[in-house]
Number of protein chains: 2
Amino acid sequence: MKNAKENLESLFNPKSIAMVGVSKTPGKLGHEVMNNLLKCGFRGPIYPISHRYSEVQDIRCYRSVLDVTDEIDLAVVSAPESYVPKILEELGAKGVRSAIILSGRRMSPLKEVISEVSRKHGMRILGPSSLGVYYPKHKINASPIPLSGEGRGIALISESKTLGMSMIDFGISEGLEFSAVVGTGGKADVEERDLLNYLSEDDDTRSIMIHMETLGDQKKLIEAIKDALRKKPIIIVTGSSEIRKKLEPLRKEIPITTDFIAAFDIAAAFLGKKITGKRALVISNSSGAGNLLVESLEDTSLEIPPLSDAFIDDTRIFMPEGSRHGNPLDLTPEASPDIFRGILESSANSSEIDLIILIYCGMDPENLEKFQTMLLEMSDLTDKPVISVFLGGDLSREVARKLRKEGIPSYVNIANVGKALDFASRYFESYRNI
Amino acid sequence: MKNAKENLESLFNPKSIAMVGVSKTPGKLGHEVMNNLLKCGFRGPIYPISHRYSEVQDIRCYRSVLDVTDEIDLAVVSAPESYVPKILEELGAKGVRSAIILSGRRMSPLKEVISEVSRKHGMRILGPSSLGVYYPKHKINASPIPLSGEGRGIALISESKTLGMSMIDFGISEGLEFSAVVGTGGKADVEERDLLNYLSEDDDTRSIMIHMETLGDQKKLIEAIKDALRKKPIIIVTGSSEIRKKLEPLRKEIPITTDFIAAFDIAAAFLGKKITGKRALVISNSSGAGNLLVESLEDTSLEIPPLSDAFIDDTRIFMPEGSRHGNPLDLTPEASPDIFRGILESSANSSEIDLIILIYCGMDPENLEKFQTMLLEMSDLTDKPVISVFLGGDLSREVARKLRKEGIPSYVNIANVGKALDFASRYFESYRNI
């Protein structure tokens, strides 16, 4: 019964929610989560459950889920650990379909209680110590995560609460968006494989990132990953050498890394168009930067093919004096955004290349803005993926962030470009029908 | 004659400067460089040389260096390439001691003219296509680089102008400072080995970073690097596979990378105290983050020793409920900056460990500020290097940037921490008397 999609429907698409252990104290988990639930636009009823308060934020509190007459699809529990067994019993008695246990530690004895209740009542339970669930598609934010509104892009499954929050904070600062966040915590019942099954069907999800520290059933997980890979790319972040070893059979198919910055940069490669081939055209306004990129592609499956005479002839009129007419195309520091535009226009439909990587070095705000506008316009005019790399400080980062929000894979970290495009191109090669 | 320190003294410590090819048009190189020269606080006379203007910024222009009666130590040339041979001839005739040729391309025929003039007149010449020289110690900014004031930290030697500027922009945005920037450009005369010789003696320089694309005399360069390494750590950024191969004999002693972000993170390890051993204590408020770091240290020379019972007993009183009393020490998400302080105080003088790595996950501005204050205070109280890692978005980056400015090696990129500390600890092991 553990792998049916309907099985998790009450977790991701509940019709009603009970919030057990609400608080009126800002900063407390029971306050933050209640707040997020109310703010995220959930349309069904939310029932606060509290022994202490008769109302929170003008909403009537119930002493127990058993006092609620309506059916409850999802219960979110942030009560102190010692109360949780009794609460779980009541959730079971009430026939609640799923629960998120935010309380406790991952290794807590709660795990056994949760397993038992789950088995006995067929309830799907996340946790203990779950970060919660953020799922903007169904306007759910049953978590302390400061996210809101529509989200497309990354579905993050995180075992760690604290690291998960840091990863989300980092992802936002890099212009990325989340289609879902799910905290697995102690994984007493719901595990990565259940979530992969559900989230791989999600249209708003471009890639699935998993942080994990412990492995359940190795074989079943590998099977679930292989299954989900047919629908979505998967990236694993782990600090466990055991997991690295045990997932070894997947090493060619998915990145498994300790470097979550690289993981997000890899996810960014799935913001844009499908990469349908390996032949990259590299265009830069600095030969030094172009060479760094090309050299860093050395160990990847990407190719930097020589350009034909016809190609060079077509682009020649745009090239400033002193340009290098090869691949990488070095346009010299004098190259304006309009010169990049000309080259893009003339190469957009070339059959010699499959993707275009632009590298822009520059600190002038006006030029950076023009470059950004040019890229947005050009990206609509070509079927080829256009990837941009901005080398520099805060302003470069800002432009890359903005372009990512517009669906253009953009980078400031030249060393991750190869990792990202290599994985993305290999992924689309294996799963052409995605 | 090429390796005497005095030889480059006129370049880095001139008594008078001529600026050949000044411009009154903002944005033009001859305007920006003249502006920087005037702004940087240089105390000697600056002689603008121009065929076009009789004055710039209220300073009288001369038509030629030959018209200046005073001696000229350094000439900065930003005139169009075709004028440069005649200008060089006049510099030679005038007895100018050194020159920076900003004009031209790196592969320009100017290279031969420069070599000849340098040989004939014993003039030391940077360029063609040099990014210029920024050397705050002697209040020189003969470059378009937007830097000013005192600078301690990194001496950057860059072959590329455009990439060099981007690297500086990036470095500034990461809270790093530059003790010197020198653009080698086409290297007709002055090469990396001359500059290594000079800059390795510089007290304000903590590390030397070199971007290079072409290699001169392989043997002499390796010799110069080995020499300079006795005084300063060196990091090479290159997109040339040939250079990687030819510098292979140095691979164990210096990082050679395409990843300039990693290069700057490595340089940041030299901001703080000497690392005198390999045994690291890792303290975090997230076991997930602690594990990522420990796992990423796997391929380095650093050790994460088990802690003695005595050590654990001493720190136990500070640890929140649910802490993991091992190495990494997991203080749980509830750990306040004061709890970190307690652990630091009790471990600061332990003979079991050589350095301390703190990992902080958190987005609360108040806690981040308290953490920052705590770190600054504690860093003064212990002889052990304290390295901090902040995982998260913009605010984490901001705190790391501020701490770097105060001399505490701080990181947001967990994957570079191992690279940086591994190199730094091996460096200080090889060169104990630095």
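In what follows, chains carry the letters A, B, and so on, assigned in the order in which the sequence lines appear, proteins first and then strands, with residues in each chain numbered from 1.
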Could you give the distance from CZ (A:Phe260) to CG (B:Leu292), rounded to the nearest 0.5 Å?
->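 Here the interatomic distance stands at 7.5 Å.
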Heavy-atom pairs under 4.5 Å with chain A, option from [options] with the top count:
{"options": "B:Asn413, B:Val412, B:Val294, B:Ile172", "answer": "B:Asn413"}
{"options": "B:Thr257, B:Ile359, B:Asn291", "answer": "B:Asn291"}
{"options": "B:Ser158, B:Ser284, B:Pro333", "answer": "B:Pro333"}
{"options": "B:Ser241, B:Pro146, B:Ser296", "answer": "B:Ser241"}

Using heavy-atom distances under 4.5 Å, tell me whether [X] contacts chain B through its side chain, its backbone, both, or neither.
{"X": "A:Ser160", "answer": "side chain"}
{"X": "A:Glu298", "answer": "neither"}
{"X": "A:Ser287", "answer": "both"}

B:Thr258/A:Ile414 under side chain to side chain contact (heavy atoms under 4.5 Å, CB included): CA gap, chis, key distance, verdict = CA-CA 8 Å; B:Thr258 56; A:Ile414 207 167; 5.8 Å; no
Can you name the nearest heavy-atom pair linking B:Thr162 to A:Ser286, along with the distance?
->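 Closest approach of B:Thr162 to A:Ser286, heavy atoms only: CB-CB, 3.7 Å.
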Taking all heavy atoms of B:Arg105 and all of A:Gly322, pick out the closest pair and write down the distance.
->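 It is NE-CA, 3.7 Å.
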Does A:Arg397 pair with B:Asp394 as a salt bridge, N-O distance under 4.0 Å?
->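 Looking at A:Arg397 and B:Asp394, the cut-off is not met.
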Which atoms of [X] come close to chain A, meaning under 4.5 Å heavy atom to heavy atom: side chain ones, backbone ones, both, or neither?
{"X": "B:Glu334", "value": "side chain"}
{"X": "B:Ile261", "value": "side chain"}
{"X": "B:Glu174", "value": "side chain"}

Do B:Met363 and A:Ser166 come within less than 4.5 Å of each other through their side chains, counting heavy atoms only?
->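 Heavy-atom side-chain distance check fails, nothing below 4.5 Å.
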Donor-acceptor under 3.5 Å (A:Asp259 side chain, B:Ala415 main chain) =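 Flag not set: sc A:Asp259 to bb B:Ala415 has no pair under 3.5 Å.
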Please answer whether the main-chain N or O of A:Gly393 pairs with a side-chain N or O of B:Asp169 as donor and acceptor at a distance below 3.5 Å.
->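 Pair found, side chain donor or acceptor close to backbone of A:Gly393.
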